[in-house]
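This structure is a prediction, so every number in the text was calculated from the model and none was measured.
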Amino acid sequence: MKDIINKLNKYEIRIRKAVNSHLNGNFSSVFKGTGLEFSDLRTYQYGDDVRAIDWVASSKGQGTYVKIFKEEKEQTVFFMLDVSGSQEVGKRGNLKMDMARELCGVLTLAAIKETSQVGLYCFSDEKELYIKPEGGMKQAYNIISSIYKLLPQSPRTDLSNAISFTLNILKKRSVVILISDFLDQNYQQNLKALARKHDLVVLHIYDLREITLPNLGIIPVQDKETGEITWLNSNSVAFKRSMRESFEENRESLRKFCIQNRANYLDIEAGADYVSRLIQLFRVRK
């Protein structure tokens, strides 16, 4: 665990230096979000944003009122980490799960240094692990240690249920960083609600095997979540084209969804240099 912490610290420092130099941006921007909370009411004035009108107060017939917000000094950062069976795909030592853990660990260290409250929820189709948002380096080490020691109880995925848990547990607007391969269905409605209520960052982890397979002839392929084995012709041009098109369609759909709902989206290949991709994320959020 000491070696893991040292490795993550080195990456975190590398990202911080890269972002803060050459006018690339502000390192803290990925964690600060809007961070607005209700402060007071005042009478509506011409030019005010109609979305800020408090219709409950205005309905009393004494005038039209708008809400006044103030910036929160402390921002909660909450990580949602998919630990389902589909994450256990890739080369040994470079599984999607390995990438997901490192991303969560590096950003946890960075977030602790920029804000006072960081929490974690690991999920499959069950609640695998929940760590209440708290501050301090002890919290960071607790989160990192927990995600590396965790042995998930279920191989299946239920993104919709995981998002519902997060919506219920987080009472104030937070930066929510969702790390998953998004190999699930019927979660878009809850994800939309999450993006509206919180400042959402989507980190989409994938492996090249989900895009193409080497020519190995007819081979057995096991579904990591159901255990079902299917025989596939990896030499088939039509199969490879269908495989790539399916992946690209799902990725593009998720990317467009995030744009439409004002969420940040970043796709990261397992085993690739994720530091450069995270630097890109900071630039985008600035």
Kindly give the heavy-atom pair with the smallest separation between Glu225 and Ser84, and that separation in Å.
OE2-OG, 3.3 Å
Hey, quick one: are Ile169 and Val176 part of the same hydrophobic cluster, counting side-chain heavy atoms closer than 4.5 Å, chains of contacts allowed?
yes
Non-hydrogen atoms of Leu150 and Glu128 that approach each other most closely
CD1-O, 4.1 Å
Considering residues, nucleotides and ligands other than Arg42, do more than 12 of their heavy atoms fall under 6.0 Å from its CZ?
yes
Indicate if Trp231 and Val221 have the same hydrophobic cluster label, given that clusters are the connected sets of ILVMFWY residues with side-chain heavy-atom separations under 4.5 angstrom.
no
Give me the one residue out of Lys96, Arg277, Arg255 that meets salt bridge (charged side-chain N to carboxylate O under 4.0 Å, His left out) with Asp267.
Arg277
Is there a donor-acceptor contact under 3.5 Å from the side chain of Asp207 to the main chain of Ala270?
no
Name the one of Thr166, Asp82, Leu191 that satisfies side chain to side chain contact (heavy atoms under 4.5 Å, CB included) with Leu178?
Leu191
Report, as yes or no, whether the 6.0 Å neighbourhood of atom NZ on Lys91 holds more than 12 heavy atoms from other residues, nucleotides or ligands.
no
Which heavy atom of Val83 sits nearest to which heavy atom of Ser124, and what is that distance?
CG2-N, 4.4 Å
Can you confirm whether Met137 sits close enough to Leu109 that some side-chain heavy atom of one is under 4.5 Å from a side-chain heavy atom of the other?
yes
Can you find a pair of side-chain heavy atoms, one from Met97 and one from Leu81, that are under 4.5 Å apart?
yes
Tell me whether Ser276 contacts the main-chain N or O of Asp273 through its side chain, where contact means a donor paired with an acceptor under 3.5 Å.
yes
Check whether any side-chain heavy atom of Ile205 lies under 4.5 Å from a side-chain heavy atom of Ile179, and answer yes or no.
yes
Atom of Ile211, atom of Tyr206 and distance for their closest heavy-atom approach
CD1-CE1, 3.8 Å
Side chain proximity check, Phe78 to His198, heavy atoms < 4.5 angstrom:
no
Answer yes if Ile177 and Phe182 sit in the same cluster of Ile, Leu, Val, Met, Phe, Trp and Tyr residues linked by side chain heavy atoms under 4.5 Å apart, and no otherwise.
no
How far apart are the closest heavy atoms of Ser174 and Thr76, and which atoms are they?
CB-O, 3.3 Å
Leu213 and Phe239 have their tightest heavy-atom pair at CD1-CE2, 4.0 Å
Can any side-chain N or O of Ser234 pair as donor or acceptor with the backbone N or O of Ile218 at less than 3.5 Å?
no
Strictly under 6.0 Å, is that where the ring centroids of Phe257 and Tyr265 end up?
no
Test of ring centre spacing under 6.0 Å for Phe165 and Tyr121:
yes
More than 12 heavy atoms of other groups within 6.0 Å of Glu249 CD:
no
Please determine whether side-chain contact (heavy atoms from CB on, under 4.5 Å) holds for the pair Asp98 and Gln87, giving the CA-CA distance in whole Å, both sets of side-chain angles, and the decisive distance to 0.1 Å.
CA-CA 8 Å; Asp98 296 326; Gln87 292 278 62; over 6 Å; no
Quick one: do Leu167 and Leu194 satisfy side-chain contact (heavy atoms from CB on, under 4.5 Å)? Show the steps, please.
CA-CA 7 Å; Leu167 286 169; Leu194 187 68; 3.8 Å; yes
Using side-chain heavy atoms (C-beta onward) and a distance below 4.5 Å, is Ile229 in contact with Pro220?
yes
Same cluster for Val237 and Leu208 if Ile/Leu/Val/Met/Phe/Trp/Tyr side chains link at under 4.5 Å?
no
State, with a plain yes or no, whether a side-chain heavy atom of Leu278 is found less than 4.5 Å away from one of Leu107.
yes
Is Leu254 reachable from Leu266 through a run of hydrophobic residues whose side-chain heavy atoms are each under 4.5 Å from the next?
no
